[in-house]
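Since this is a predicted model, take the numbers as computed values, not measurements. Residue numbers begin at 1 in each chain, while the letters A, B, ... track the order of the sequences.
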Protein chains: 2
Amino acid sequence: MVESGLAGRRKPTSADVARAAGVSQSTVSYVLTGKRPISEETRRRVEGAIAELGFVPNSGARTLAGRRSHVIGLMIPFRAGVEISANLAFVGEIAAIARKADHDVLLVTSDEGPAGLSRLRDSGMCDGLILMDVEARDPRVEAARGLGVPCVVIGVPDDRSGLSCVDLDFEAAGGDAVSLLVGRGRDVIGLVSPGPHGERGEMSFTRRFVAGAEASARDRAELVAASADPDFGSLARAVDSILSARPDCRAFAVHMSSAVEPVLAILRARGLEPGVDVDVVGVCDEDVAARNRTALDALVLQPERVSAEAMDALFCQIDGTRAVGTRLELVAAPVVTRGGAALS
Amino acid sequence: MVESGLAGRRKPTSADVARAAGVSQSTVSYVLTGKRPISEETRRRVEGAIAELGFVPNSGARTLAGRRSHVIGLMIPFRAGVEISANLAFVGEIAAIARKADHDVLLVTSDEGPAGLSRLRDSGMCDGLILMDVEARDPRVEAARGLGVPCVVIGVPDDRSGLSCVDLDFEAAGGDAVSLLVGRGRDVIGLVSPGPHGERGEMSFTRRFVAGAEASARDRAELVAASADPDFGSLARAVDSILSARPDCRAFAVHMSSAVEPVLAILRARGLEPGVDVDVVGVCDEDVAARNRTALDALVLQPERVSAEAMDALFCQIDGTRAVGTRLELVAAPVVTRGGAALS
DNA sequence: CTGAAAGCGCTAACAA
DNA sequence: TTGTTAGCGCTTTCAG
């Protein structure tokens, strides 16, 4: 650890470590990788020398010789409209998990498109890829299929064949939201969800949420749906359109973290106190749920769990534990009711 | 480009390209790097072969031999409370700029701390570092100083010595906000800004915004400040505390993109129509400013410009165009008034 | 203007 | 349990 003696010292290499420890250079490598048994005594000496010299293996050399970069490529659409900020939670967790497994994360924007994916593959920069925020019909998905490299997709594209997909289970969430409101005695339910965003096909998660809600509502409740952008004006219009279609609507399911608090405010402004006059269930992250506990039931989104599943699936592919193949993993959103207790 | 013939083909190397083009392997390298003159004829042949074979240089080898990774390390605090989502705009732009300069971006979380910085340096994974979202007193800053590697910080720490810092000019924004409201005939101004977030010292940008506002208000207006978290309840309390301190307050400066629309809604709920009864100036991003043009004056934050400045500074350090040294670059937020015209 | 050849610092056979 | 050695695919002198 100590930066000893002489000035202008170059970075120590594994050869320096070997010399200091009085072993061969390959032994140093084996101590590092653990790919063959090392005597306790030798290991101690090597590890001592490593600490002594502050040795950090050179990543380029490791990659070149080992044909493994220990890097995960993460492709994110920065342009996309709604809920990009929701992506941050995924990203942070992915980075954390990667580090725990001695990997790093390389960031690429979706602007690079399919070509970006091939570039990453061919340059040998990444051992595997995660595509975030994949929509119903996504050009990146075409490229990902048969890219011939470990790859996991976050989101549910229409055609998942040959792909490993992970996402939050919005369909179940839609069902749970309706059940919760029906359970509170409501039979007219307003649905506020993110508007379709054009370019990349309808937002798959909106469609799934609505489908789940509809299936669950059948025979039990009437659904009035409206979609909105996450700004106040758009949300107000959505709420108003629901209330004008069914003025007796006293139950709302709001699908979008950033929309929940505005909708609560909008309802109050219409003279409807959430938790008293109207029942509101938010499909949102923990923070939003927590600070509105008295007004809100919630289906708590846990993006960290999605990240964990995705990384797990990816690592399985990388070290061949599991073959690549069509695969779908959906992470449920636990129900938290106004009392604060989890129901599910 | 075409994946020709034989099955099980390994990735083409520069040697394959050389063979196909009938030149030496070093010539291929020189065509790629442009580090020495190449005859038109030779260049054509080599580039043809590259396209033909779909050759992509192996990044590990390039890094090892060239002692340049062509990767920029980006350290982000994912835990941080407020306005993390604001970071996304910076990140997307950084990634885009990096690509244009044939670089990639490696993501690390601030959880790795100072040790993470040394790791990146010693592993040779990055040619330079950008630390995002740096606060007044930030442990990463200590480590960054004298890391001996090109490094740029986004944010303004208390002690900037030896550091290259870039940020939005919140101090000027505070001043401009006050001037704008004074110009609209107001002399009591409510300031709503992000609350201090404890751990890492007061949020430097809040302090700077308030300082700028105070300097600008001197003799011209009275300031009533309140800080808030970005949720509706906290913002409502902040607005109410201002209104109860000065019930005649009819001017508000709101510093935080995610707070602007809630504050507009809160004011309306208090019977004060923004743009009519009260003047509101938001320090916010373009989207928020645009969709509230009729109710709001705005100081439009341009994180992309900060990213551009930061990358520029970093590349200067990397290729030695500019020495490392204390340096501060502040990016102004242009004024957009209700008419839609930029004043600044 | 171009080629030949020596590494960059590691991993992983192969050999003991 | 350890050492020896041959590369990994580039960049970059040094020669021509």
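Backbone-only contact: B/Thr42 has heavy atoms under 4.0 Å from sugar-phosphate atoms and none from a base.
Note on residues 33-58 of chain B: no pairs pass ring pair (Phe, Tyr, Trp, His ring centres under 6.0 Å), not counting sequence neighbours. The list of salt bridge (charged side-chain N to carboxylate O under 4.0 Å, His left out) pairs with a residue in residues 304-314 of chain B, not counting sequence neighbours, is empty. Note on residues 86-96 of chain B: no pairs pass salt bridge (charged side-chain N to carboxylate O under 4.0 Å, His left out), not counting sequence neighbours. Applying the side chain to side chain donor-acceptor pair (under 3.5 Å) test to every pair with at least one member in residues 65-75 of chain B, sequence neighbours left out, gives these pairs: B/Ser69-B/Asp127.
Between A/Arg145 and A/Asp159 there is a salt bridge, with a side-chain nitrogen of the basic residue lying less than 4.0 Å from a carboxylate oxygen of the acidic one. Between A/Asp122 and B/Lys11 there is no salt bridge, since no side-chain N of the basic residue sits under 4.0 Å from a carboxylate O of the acidic one.
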*asked:* Evaluate A/Arg44 against A/Glu40 for salt bridge (charged side-chain N to carboxylate O under 4.0 Å, His left out), listing each step before the verdict.
replied: CA-CA 6 Å; A/Arg44 271 200 323 89; A/Glu40 195 46 50; 5.6 Å; no

_salt bridge (charged side-chain N to carboxylate O under 4.0 Å, His left out) for B/Asp104 and A/Arg119? Distances and angles first, verdict last._
CA-CA 11 Å; B/Asp104 274 285; A/Arg119 183 179 70 87; 2.8 Å; yes

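Formation of a donor-acceptor pair under 3.5 Å by the A/Ser39 side chain with backbone atoms of A/Thr42 is found in this model. Listed for the B/Thr27 side chain is no donor-acceptor partner under 3.5 Å among the backbone atoms of B/Val23.
Mapping heavy-atom proximity under 4.0 Å, the span of DNA chain D touched by chain A runs 5' to 3' from D/dT1 to D/dG9. The outermost nucleotides of DNA chain C lying under 4.0 Å from heavy atoms of chain A, listed 5' to 3', are C/dG9 to C/dC14.
Here the CD1 atom belonging to A/Ile72 is positioned 11.5 Å from the CG atom belonging to A/Leu120, to the nearest 0.5 angstrom.
Residues A/Ser204 and A/Glu135 come closest through the heavy atom pair N-OE1, 2.9 Å.
By the salt bridge (Lys or Arg N to Asp or Glu O under 4.0 Å) test, B/Arg43 is found to be paired with B/Glu47, residues two or more places apart in sequence or in another chain being considered. In this view, B/Phe315 and B/His103 satisfy the ring-ring contact (aromatic ring centres under 6.0 Å, His included) rule, not counting sequence neighbours. In this view, A/Arg36 satisfies the salt bridge (Lys or Arg N to Asp or Glu O under 4.0 Å) rule with no residue, not counting sequence neighbours.
End-to-end axis angle of the helix from C/dC1-D/dG16 to C/dA16-D/dT1, from C1' rotation axes over five pairs per end: 30° (rounded to 10 degrees).
Shown for residues 100-108 of chain A: no residue has heavy atoms falling under 4.0 angstrom of DNA chain D. The stretch residues 25-41 of chain B touches DNA chain C through B/Ser26, B/Thr27, B/Arg36, B/Pro37, B/Ile38, B/Ser39, each having a heavy atom within less than 4.0 Å of the strand.
In this structure, A/Phe55 and B/Arg43 both approach DNA chain C, and ranking their closest nucleotides by distance from the 5' end singles out B/Arg43.
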